[in-house]
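Worksheet: one structure, shown below.
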Number of protein chains: 2
Amino acid sequence: MSQSDTVKRILDAAEVLFAQKGFAETSLRAITSKAGVNLAAVNYHFGSKEALVQAVFERYLTPFCQALSVKLKELESSGDVTLEKLLTMVSRLALGSHGDEPRRAMIFFRLSGQAYSQPQNHLRTWLRAHYGEVFRQVLAVLRASVPDVPPMELFWRVHFSLGAVIFTLSGMESLQTISKKDFNETVTASRITEHLLPFVAGGIRGGRA
Amino acid sequence: MSQSDTVKRILDAAEVLFAQKGFAETSLRAITSKAGVNLAAVNYHFGSKEALVQAVFERYLTPFCQALSVKLKELESSGDVTLEKLLTMVSRLALGSHGDEPRRAMIFFRLSGQAYSQPQNHLRTWLRAHYGEVFRQVLAVLRASVPDVPPMELFWRVHFSLGAVIFTLSGMESLQTISKKDFNETVTASRITEHLLPFVAGGIRGGRA
DNA sequence: TCGGCGGGTAAACAAACGTTTTAAACTTAC
DNA sequence: GTAAGTTTAAAACGTTTGTTTACCCGCCGA
């Protein structure tokens with residue numbers, strides 16, 4: 001078994017388990033046994049459990065943010081930037097940039113939800129330090145797309161929207177049950193997004209479509 | 001030291017630490033040492049750590065839900081139920097029903113955020129079993145207040161709104177830093193609510209105020 | 001006065017955790 | 001072919017965890 005293979009298998013197992021049970025509740029032994037590698041391999045390749053967590057996010061976010069940055073510049077240079085264009089672009093990227101769509105996207109959202117609701121902010125500060133730049137780029141384009149909304153209002157509405165998105169998508173499975181029972185509708189990430197986009201757009205604009 | 005005193009001190013310490021560091025990351029030793037009681041007292045009075053977590057929520061939610069149920073009936077019998085009336089009623093209750101306003105409300109929101117983002121759903125199913133009834137009451141009144149919104153749309157929008165509320169309010173402290181720096185505005189729960197209510201109302205109505 | 005009983009405590013428990021150490025197996029280069 | 005370096009394997013390390021045990025104290029009814 002080559003080196004890169006072991007690293008990849010650890011990351012694959014880790015991201016699934018972290019999304020399923022949380023960071024603190026997932027032991028290295030569970031990860032390595034699911035990955036079919038030795039326990040010591042994690043500390044050998046990553047140094048520590050916390051570094052493994054970061055590596056999981058890194059493998060996810062780095063390509064995503066690069067693609068986002070490119071698409072963002074495309075959109076900006078295209079001339080007319082509307083709120084809807086920006087939102088659909090971001091959501092398409094989040095849902096479809098990874099090959100096997102729904103499974104992977106779901107894991108990504110659950111990880112994000114975990115990262116943000118975790119009280120100790122080691123991970124959040126690390127994320128901000130590494131990926132804050134792209135976030136600011138998106139925010140700048142967003143601001144230009146709704147020039148009527150005052151900056152502070154926009155600041156708040158963005159956070160409300162983020163909450164709606166992450167919270168809903170990371171809790172998708174439990175919603176699955178209710179939705180199936182009450183409305184006989186199967187829930188997928190893209191299905192949710194259809195409902196979510198108008199909600200966010202309306203919220204950002206401030207109740208006036 | 002009387003019995004109720006020990007139980008109360010454990011609950012007080014536990015709710016603060018749980019909100020600060022999360023359930024899994026808070027040890028019984030940390031709780032008991034903060035509370036100034038013996039380690040074994042937790043298992044003696046509550047049976048297990050999980051039962052303690054439930055007890056913390058129970059002490060919070062039971063009076064809140066009772067008050068909510070009363071106010072809800074008041075509102076219903078008053079005749080004209082508007083969305084805004086319902087939302088301000090709920091938010092006032094959540095913010096002000098506990099004596100020492102901001103500290104306690106913040107802890108409550110952080111605990112809710114933790115409960116909902118926790119992957120294993122022991123806690124969530126327990127909460128639903130115990131307090132789902134009041135939630136359904138609110139939902140019924142809400143539905144009556146916006147008769148134009150189809151049930152399934154409303155279902156989704158409620159969850160989006162819940163996400164916005166819980167996510168934002170449970171991450172208040174980190175927002176504090178940013179808001180202070182960029183806008184020189186101190187963040188309180190009630191201040192957030194001023195921004196949050198129009199956002200939620202707009203979102204529920206579906207972009208049309 | 002005695003006996004039991006609920007509340008409280010110190011000490012110990014087994015289990016699980018992240019991490020480190022040891023050595024064996026493999027790859028690579030000369 | 002052998003030595004150096006890299007990766008895997010198994011075992012043990014020292015902590016920390018939630019929980020349990022055994023004992024002590026003060027009280028109340030008999």
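Worth saying up front: this structure is predicted, and the values here are computed from it rather than measured. A, B, ... follow the sequence lines: proteins, then strands. Residue 1 opens every chain. FYI, side chains are in, hydrogens and waters are out, and symmetry mates aren't considered; it's all heavy atoms of this structure.
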Is the ring pair [X]/[Y] parallel, tilted or perpendicular, if the boundaries are 30 and 60 degrees?
X: B:F64; Y: B:F108; value: tilted
X: A:W126; Y: A:Y131; value: perpendicular
X: A:F199; Y: B:F199; value: perpendicular

Under 4.0 Å between a side-chain N or O of [X] and OP1 or OP2 of [N]?
X: A:T6; N: D:dT8; answer: yes
X: A:Y44; N: D:dT7; answer: yes
X: B:S27; N: D:dT17; answer: yes
X: A:S48; N: C:dG18; answer: no

Between atom [atom1] in [X] and atom [atom2] in [N], what is the gap in whole Å?
X: B:I31; N: D:dT16; atom1: CD1; atom2: P; answer: 17 Å
X: B:E50; N: D:dT17; atom1: CD; atom2: P; answer: 18 Å
X: A:L39; N: D:dT8; atom1: CG; atom2: C1'; answer: 12 Å
X: B:R29; N: D:dT15; atom1: CZ; atom2: P; answer: 14 Å
X: A:E25; N: C:dA15; atom1: CD; atom2: P; answer: 22 Å
X: B:N43; N: C:dA11; atom1: CG; atom2: C1'; answer: 15 Å
X: A:L28; N: D:dA11; atom1: CG; atom2: C1'; answer: 16 Å
X: B:H45; N: C:dT9; atom1: NE2; atom2: C1'; answer: 11 Å

* Asked: At under 4.0 Å between heavy atoms, what does B:T32 touch on the DNA or RNA strands: base, sugar-phosphate, or nothing?
  -> nothing
* Look at all strands and tell whether B:A40 reaches a base, only sugar-phosphate, or nothing, counting heavy atoms closer than 4.0 Å. => base
* **Closest-nucleotide ordering on DNA chain C, the 5'-leading residue of A:K49 and B:N38** => B:N38
* Between A:D12 and A:R104, is the closest basic N to carboxylate O distance under 4.0 Å? -> no
* Asked: Does any N or O in the side chain of A:S91 come within less than 3.5 Å of the main-chain N or O of A:T88, such that one atom is a donor and the other an acceptor?
  -> yes
